[in-house]
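To start, the structure itself, in structure tokens.
FYI, the numbering just counts along the sequence from 1. Atoms within a ligand are numbered from 1 in the order they appear, just like the ligands themselves. Small disclaimer: the values here were computed from a predicted structure and weren't measured.
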Amino acid sequence: MTDDNGRGGSAAAGAGRAALPDTDRIRRAPKVLLHDHLDGGLRPGTVVDIARETGYSGLPESDPERLGAWFREAADSGSLERYLETFAHTCAVLQTRDALVRVAAECAEDLAADGVVYAEVRYAPEQHLQGGLSLEQVVEAVNEGFREGERRAYAAGRRIRVGALLTAMRHAARSLEIAELANRYRDLGVVGFDIAGAEAGFPPTRHLDAFEYLKRENNHFTIHAGEAFGLPSIWQALQWCGADRLGHGVRIIDDIHVAEDGTVKLGRLAAYVRDKRIPLELCPTSNLQTGAAASYAEHPIGLLRRLYFRATVNTDNRLMSGTSMTREFEELVRTFHYTLDDMQWFTVNAMKSAFIPFDERLAMINEVIKPGYAGLKSEWLFR
Ligand SMILES: O=c1[nH]cnc2c1ncn2[C@@H]1O[C@H](CO)[C@@H](O)[C@H]1O
Ligand SMILES: [Zn+2]
């Protein structure tokens, strides 16, 4: 007797094990998040509070619930450029030390409450200087907030570890400076570097000096590539810039050909990505909003998982997408009938791909993630 996933077991055991995880179990399952923007994950109520405190009068709504709905709808535009316009409001309220500490602390708390045990959260320091903070003060405020959030989560009986990724904006010209900043705060709360912003017209090779610098320093970076723009962007990010991971990378699907009879043929780039185990930071709901995928069912994650790409599941922007790791997995479970084993597979993939040292990743996998899933998978025995 085998279940849908080809695993063996008695009929009775099969039924217990194969049951799809419900929301409660998805939330309790340990999860790892590699792609989440600090300025895309504020609580709507916090945006309203800080706007009032700092005198920012540009918010389109002053009621938190309506503001949350506004962000989701405005981001649902079908274009990355329009989606990115919504960040003007979140960045506007992230210009003081207090605001950065508060938002970073709440971010860690919210992720922990969602069952995330390890997260890499990114933001662009250069976008938080309008209140007179220096780049260093921005980084230190966010780090302080993450530490505070970890402590609050611990006090509430949850464990989470949060590392920062420093992003440079791809339309701007500060990437080398931000890469140097990431290197200076390495081992001090910052685990790597990224570039983000509009993809079309701003190829990653514009920032080659930043990537070459980080390579010389033996540091880590990911690049937003293959989201709004296709294979050339992925190819440059990997073969010119040397990215360790791909932010999204979902357009790698354009180099995968499925014949009528179901045979799959990978192009050279897709084969390289799979063979070299290049991590894909996939963000399903965000992709539906920016038009990178038409529906969950048509999202490339289904095929990429079946082909054993190093696929990971991420939130991108929890505020703009009204999402969480639990919600992303709920949609995938509903669409692709993923089990706890599939969730564990995505989670281990993510942990293997994190930018913290190997021994720490291994301990997270063996001592936190696998025991967590084993506990959940054995619950049917005691019902
Ligand atoms: O999915 C995305 N693709 C490209 N850029 C993004 C995405 N989400 C957010 N940002 C950009 O990254 C900045 C730093 O966090 C945000 O301000 C936003 O402009
Ligand atoms: Zn992103």
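In this structure a side-chain-to-backbone donor-acceptor pair under 3.5 Å is present from Gln289 to Met320. A donor-acceptor contact shorter than 3.5 Å links the side chain of His207 to the backbone of Arg170. The backbone N or O of Thr323 lies less than 3.5 Å from no partner atom in the side chain of Arg318, so there is not a single donor-acceptor pair. In this structure, Arg251 contributes its side chain and Ala225 its backbone to no donor-acceptor pair below 3.5 Å. Looking at Glu148, its side chain never comes within 3.5 Å of a backbone N or O of Ala105 through a donor-acceptor pair. In this structure, the side chain of Lys31 engages the main chain of Ala29 through a donor-acceptor pair within 3.5 Å.
At the shortest separation from atom 3 (N) of ligand 1 among protein heavy atoms lies Glu227 OE1, 2.8 Å. Atom 7 (C) of ligand 1 has His37 NE2, 3.7 Å as its closest protein atom, hydrogens excluded (heavy atom only). Nearest to atom 5 (N) of ligand 1 among the protein's heavy atoms is Gly197 N, 2.9 Å. The shortest contact between atom 17 (O) of ligand 1 and any protein heavy atom is with Asp39 OD2, 2.4 Å. For atom 8 (N) of ligand 1, the closest heavy atom belonging to the protein is Asn317 ND2, 3.0 Å. Looking from atom 19 (O) of ligand 1 to the surrounding protein, the closest heavy atom is Met169 CE, 3.5 Å.
If you take OG1 on Thr222 and CZ on Phe355, they are separated by 5.5 Å, rounding to the nearest 0.5 Å.
For the pair Thr167 and ligand 1, the shortest N or O to N or O distance does not fall below 3.5 Å.
Counting atoms of ligand 1 from 1 in the listed order, those under 4.0 Å from a heavy atom of Leu84 are 5 (N), 6 (C), 7 (C), 9 (C), 10 (N), 11 (C), 18 (C), 19 (O). Near His224, with a cut-off below 4.0 Å to any heavy atom, the atoms of ligand 1 are 2 (C), 3 (N), 4 (C), 7 (C). Those atoms of ligand 1 that come under 4.0 Å of a heavy atom in Asp316, given as number and element, are 1 (O), 2 (C), 8 (N). Close approach of ligand 1 to Gln127 (heavy-atom distance below 4.0 Å) involves ligand atoms 13 (C), 14 (C), 16 (C), 17 (O).
Between Arg186 and Glu217 there is no salt bridge, since none of the side-chain N atoms of the basic residue sits less than 4.0 Å from a carboxylate O of the acidic one. The residues Arg174 and Glu126 are annotated as not salt-bridged, no charged nitrogen and carboxylate oxygen being separated by less than 4.0 angstrom. Salt bridge status for Glu140 with Arg97: absent, with no side-chain N to carboxylate O gap under 4.0 Å. Using a 4.0 Å cut-off between charged nitrogen and carboxylate oxygen, Glu330 and Arg334 do not count as a salt-bridge pair. Salt bridge annotation for Glu106-Arg102: present, with a cationic side-chain nitrogen under 4.0 angstrom from a carboxylate oxygen.
Ligand 1 has no atom lying under 4.0 Å from any heavy atom of Gly40. Residue contact check for ligand 1: His248 places a non-hydrogen atom closer than 4.0 Å to it.
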Exercise for review: Take Val116 and Val32 through the test side-chain contact (heavy atoms from CB on, under 4.5 Å) and record every step on the way to the result.
Suggested key: CA-CA 6 Å; Val116 175; Val32 170; over 6 Å; no

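Protein N/O/S atoms closer than 2.8 Å to the Zn ion (ligand 2): His35 NE2, His37 NE2, His224 NE2, Asp316 OD1.
Contacts between Thr90 and ligand 1 below 4.0 angstrom, taking non-hydrogen atoms only, are absent altogether.
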